[in-house]
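Structure record follows, encoded as structure tokens.
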Protein chains: 2
Amino acid sequence: MSQTIRILIADDHPVIREGLSAMLSRVPGFEVAGEARDGKEAMDMALRLKPDIVLMDLRMPGMDGVEAMRMIHLQCETIRFIILTVYDNDEYIFEGIRAGASAYLLKDVSRETLIQAIREVYSGQSLLHPQITRKLLDHVSGGAGKEQNSLLTERELEILQMMASGASNKEIARGLSISSHTVKTHVSNIYQKLEVSDRAEAVAKALREGILRG
Amino acid sequence: MSQTIRILIADDHPVIREGLSAMLSRVPGFEVAGEARDGKEAMDMALRLKPDIVLMDLRMPGMDGVEAMRMIHLQCETIRFIILTVYDNDEYIFEGIRAGASAYLLKDVSRETLIQAIREVYSGQSLLHPQITRKLLDHVSGGAGKEQNSLLTERELEILQMMASGASNKEIARGLSISSHTVKTHVSNIYQKLEVSDRAEAVAKALREGILRG
DNA sequence: CACAGGATCAGCCAAATGGGGGATACCCAT
DNA sequence: ATGGGTATCCCCCATTTGGCTGATCCTGTG
């Protein structure tokens, strides 16, 4: 119990990274084993340094947090993950949890909560941010009879992004060298998955939920 | 020169706030005078504690950073502001600079840069994040012959917001008790001001630039 | 192998959109 | 008071969109 908890911080924002580092390294019993700036670096460092806990941001350049967690988890099952991010959309949450995160915290948690969370995860527990817990419950109960939580496909994302740039179906078709019928099909599927009914709302939802890069 | 620089941190994210605090308070010659969670608190604390520098996040619940800076600046001209944010859109930049910020940094700056920036602002200099500097130059040169930076009107914002919720022109008209012809006119004006040509792109641009609350 | 899911294509049709005109009324500032 | 900006209203019309139904091909997985 009185063993030192070794922590790896993975976040692409230097300020947050170093801030966390400064904050956590002052906590008795905590040791910051390293700081990674992206998913790739997080993976390399995790496997090399074997920290007890990885504090992982989800959205990072190159390999993202979820991908990094999957890779690390494949090669080392003892490392536990705490997702610490500003994104609270469903896609990320379920992906993160499926990828093996032990905790999902939003960046509005207090210092105390974070420290407590690290201790709990270290001792084998799991925990979710209150907001996240509710989303999970909502999803489990409401999502039983329904479907989705399934991401948009690559193609759909591609098309959604072009929609956000003001492209018409015809323009998208030309751009992707497919027929505009196909584009319409994809667009309709996007609407279904996002539960919206026109492109403006689709783009708005995608941007707000972080599905599309802001 | 060897005087202590007193800093007030204003950011709505506890982790960032306390991370910055932990980080900066370890720097010799720096002292964290306080931490504010929103614009209102920042204003109160700034006027009470009279820090040398306020590290200010822009997007905060309630009173935002720009508003807070304006209020503080009105009552105390000696306090200098460093905007430290993740938003790099034009609206924010110019608003922030107009409100009297001495520096505009994005959260991907390194610890060293931030510390250096604080020192420079303390000694009376101003500085901008490299990305921001370019935006400014682009704007000054490109914006000479053109116009805009003038926001949308209240009415237009209202309508834009409804568009983002998937409302059709007819629905907007019903919602605002005006004719759909009028809505069309407003929508067209929005397109002109935002330099876009359909609602999806308008919504995307508005969200990305922070014109619409994300 | 069979089946699910993704990507592709097709036709039909009502509804909405966006651009082109132009118009009135109000308020505020020069 | 003349003008600019805002909000409101109107017509016309081509283009686009979105919903519906249905189909083929490929790939991965049980």
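Since this is a predicted model, take the numbers as computed values, not measurements. Every chain is numbered from 1 and lettered A, B, ... according to where its sequence line falls, protein lines coming before strand lines.
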Please check the phosphate of D/dC9 (OP1 and OP2 only) for any side-chain N or O of B/S179 closer than 4.0 Å.
yes
Under 4.0 Å, counting only non-hydrogen atoms across every strand here, what does A/S168 touch: a base, just sugar-phosphate, or nothing?
sugar-phosphate
Tightest non-hydrogen contact, residues B/G166 and A/D198, listed as O-OD2, 3.0 Å
When you measure from the side-chain N and O atoms of A/K170 to the phosphate of D/dT15, is any distance below 4.0 Å, counting only OP1 and OP2?
no
For D/dT8, does OP1 or OP2 lie under 4.0 Å from any side-chain N or O of B/R155?
yes
Which whole-number value in Å describes the distance from B/I178 CD1 to C/dC26 C1'?
16 Å
Kindly say whether, by distance alone, the side chain of A/S188 makes a donor-acceptor pair under 3.5 Å with the base of D/dC20?
no
When you measure from the side-chain N and O atoms of A/T153 to the phosphate of C/dA7, is any distance below 4.0 Å, counting only OP1 and OP2?
yes
Rounded to whole angstroms, how far apart are CG on A/L176 and P on C/dA7?
11 Å
Spell out yes or no: do the side chain of A/T185 and the base of C/dC9 have one donor N/O and one acceptor N/O closer than 3.5 Å?
yes
In this structure, how many angstroms lie between the P atom of D/dT17 and the CE atom of A/M163, rounded?
10 Å
So does A/H186 get a side-chain nitrogen or oxygen closer than 4.0 Å to the phosphate oxygens (OP1/OP2) of C/dT8?
yes
Mind checking A/T182 for me? I need base, sugar-phosphate or nothing, with any heavy atom below 4.0 Å counting as a touch.
base
Of the non-hydrogen atoms in A/I72 and A/A46, which two are nearest, and what is the gap between them?
CD1-CB, 3.5 Å
Would you mind reading off the distance between B/I172 atom CD1 and C/dA16 atom P, rounded to a whole angstrom?
12 Å
Write down the distance between NE2 (B/H181) and C1' (C/dA23), rounded to a whole number of angstrom.
13 Å
Other residues, nucleotides and ligands only: do more than 12 of their heavy atoms fall within 6.0 Å of CE on B/M71?
no
Grab the CD-P distance between B/E156 and D/dG5 for me, whole Å please.
13 Å
Are any of B/R199's side-chain N or O atoms less than 4.0 Å away from OP1 or OP2 of C/dG18?
yes
Taking A/D52 for the side chain and A/R6 for the main chain, is one N or O donor matched with an acceptor at less than 3.5 Å?
yes
Separation of D/dC11 P from B/K184 NZ (nearest whole Å):
11 Å
Counting only N and O atoms by type, is there a donor-acceptor contact under 3.5 Å from the side chain of B/S180 to the main-chain atoms of B/V183?
no
A/R174 CZ to C/dC9 P, straight-line distance once rounded to whole Å:
15 Å
Starting at the 5' end of DNA chain D, which residue's closest nucleotide do you reach first, B/I159 or A/N169?
B/I159
